[in-house]
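Structure, as C-alpha cells:
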Amino acid sequence: MLMGRAFIPVKVLKSFKTWKTGDMVLLEDWKAKELWESGIVEIIDESEKIISELDQVIAEERANEPIMPIPPGLYSRAEFYIYYLENYVRNKAEIEIDVLNAKMTKLSNLKKKYQHLKKLRFKKILNAIMFRPGSLEILNRLAPEEKKIYLQISQIRNEWLGES
Amino acid sequence: MDLAKLRELLEMELSSNELTSLDEEFYEEFDSLMKALRIKAESSKERGEEIEQQLYLSELGIAEKLAREIIRARLHKIVDMAVEGRPFNLVGDEKKIFSIIATFIHREEIPVLEEEIQVEETEEAVFKADKRIFTAYLLLQDVPKILDEHLREYGPFKAGDLATLPRTLGHILTQREAARRVSISY
C-alpha cells in the first residue's frame with residue numbers, strides 16, 4: 001500500500017501550485033501516483049536503481065546468516081515502481097516495442113527480486129522466531145511489516161514452547 | 001495530526017507487543033483530521049479544482065487505512081490484556097472496549113452501553129479526576145492460601161475479609177460464590 005513511506009522523484013509537466021513546468025520534485029509515493037495519473041508530473045524511472053539496491057540487499061542476506069538491517073522504505077519503493085511499470089505498459093499503447101520490452105524486463109526483474117528478498121527474509125524471520133523470539137536486536141533490523149510478523153509469531157511460539 | 005504522525009504511530013504500534021502510549025485525545029484528533037480533509041476536498045470541488053480534490057480524497061483514504069491498521073493492532077493487544085486482566089495505556093473509548101471484553105471473558109453481565117463504565121488501570125487502584133476507585137473482593141467463606149497463574153500467593157482469607165485480587169482469581173472465587181466483587185471509591 002502506498003502510504004508515503006517512499007519519496008519518488010518526478011518531473012513537472014504542467015504548472016501546479018508553486019511548481020513550474022520542468023521542475024524536479026520529490027513527492028510522497030501516493031502523491032506521485034495521483035499527480036502522475038492526472039498528467040501533472042512524469043515519474044523519473046528509478047526502477048533500475050531499486051533493482052540494484054534489491055540485488056545488493058539480497059547478496060548481503062546470502063552472505064550473512066542472521067537477518068540484516070533493511071534500508072528504510074525499500075519495500076515501499078519497490079512496490080511503487082512495480083505499480084509504475086505495470087501502469088506504464090498498460091496505459092501507453094503507442095510506445096515503441098523496444099521501450100515496451102525494456103519496461104517489461106524491468107518489471108519482471110523488479111517483481112522477481114522483490115519477492116525473492118521478501119521470502120529470503122521471511123525464512124530468516126521464522127528462524128529468528130524459533131531461536132531468538134521477541135529480541136529487540138532482531139526487531140531493529142526489520143521493516144515495519146516484518147516487525148508485526150516477528151512479534152506476533154514470537155508470541156505464539158512462546159505460548160506453545162515457552163519463553164527461551 | 002497528519003499522515004506522517006499516523007505512520008509513525010502505526011510503526012510504533014507494530015514494533016511492540018505492548019499498547020503504545022497515545023495522547024488521550026488521539027481519536028478526537030484523528031476525527032478532526034478526517035473532517036478537515038473532507039472539508040478541503042469539498043471546497044476544492046466547489047472551486048472546480050479537480051486535482052486538489054483528488055489529492056485530498058486520496059489523503060483521506062490513506063489516513064483512514066492507517067488509522068484502521070492502528071486500531072486493528074491495538075484491538076489485538078486490548079483483547080490479550082483483557083484475557084490477562086491487566087489494562088495499560090488505554091485511551092478514550094478503548095477503556096470501555098476493554099471493560100466490555102473483560103466482562104464478556106469473565107462471563108459477567110455486560111453493562112448497558114449508556115451506563116458509565118469504569119476501568120482500573122492497575123489491579124490495585126486508578127486515579128480518576130480527584131477520585132480513587134478500587135476493585136476488591138468480599139470473601140463470603142473461608143478460603144485457604146491460593147496461587148495465581150504467576151505463582152503469587154494470596155490468602156488465606158476468612159469470611160468477611162475484603163481483599164484485592166487479580167481479576168482471574170477474583171473471577172474464579174466469584175463464580176464459586178466464595179467472594180463478591182465490589183467497587184470502592186473515595
Would you say [X] and [Y] make side-chain contact, with heavy atoms under 4.5 Å?
X: B:Ile62; Y: A:Leu2; result: no
X: B:Glu52; Y: A:Lys17; result: yes
X: A:Glu28; Y: B:Arg7; result: yes

Single-linkage hydrophobic cluster, 4.5 Å side-chain cutoff, [X] and [Y] together:
X: A:Phe16; Y: A:Leu13; value: no
X: B:Ile71; Y: B:Leu19; value: yes
X: A:Phe7; Y: B:Leu66; value: no
X: A:Leu54; Y: A:Ile125; value: no

Atom pair [atom1] ([X]) and [atom2] ([Y]), whose distance is rounded to the nearest 0.5 Å:
X: B:Glu13; Y: A:Lys148; atom1: CD; atom2: NZ; value: 11.5 Å
X: B:Lys65; Y: A:Met3; atom1: NZ; atom2: CE; value: 9.5 Å
X: A:Arg5; Y: B:Leu3; atom1: CZ; atom2: CG; value: 12.0 Å
X: B:Leu14; Y: A:Glu145; atom1: CG; atom2: CD; value: 8.0 Å
X: B:Ser15; Y: A:Leu151; atom1: OG; atom2: CG; value: 7.5 Å

Other residues, nucleotides and ligands only: do more than 12 of their heavy atoms fall within 6.0 Å of [atom1] on [X]?
X: A:Glu37; atom1: CD; result: yes
X: A:Met68; atom1: CE; result: yes
X: A:Gln115; atom1: CD; result: yes
X: B:His76; atom1: NE2; result: no
X: A:Lys113; atom1: NZ; result: yes
X: B:Glu24; atom1: CD; result: yes

Is chain B contacted by the side chain of [X], its backbone, both, or neither, given a heavy-atom distance below 4.5 Å?
X: A:Leu139; answer: side chain
X: A:Ile40; answer: side chain
X: A:Tyr150; answer: neither
X: A:Lys33; answer: neither

Exercise. Starting from the C-alpha separation in whole Å, work towards a yes-or-no answer on side chain to side chain contact (heavy atoms under 4.5 Å, CB included) for B:Glu59 and A:Lys31.
Key: CA-CA 8 Å; B:Glu59 195 172 348; A:Lys31 206 177 265 186; 5.8 Å; no
Self-check item: Contacting moiety of B:Leu10, where chain A heavy atoms sit under 4.5 Å
Solution: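 The answer is the side chain of B:Leu10.
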Exercise. State whether a side-chain donor-acceptor pair under 3.5 Å links B:Asp80 with A:Gln155.
Key: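 Present: a donor and an acceptor within the cut-off.
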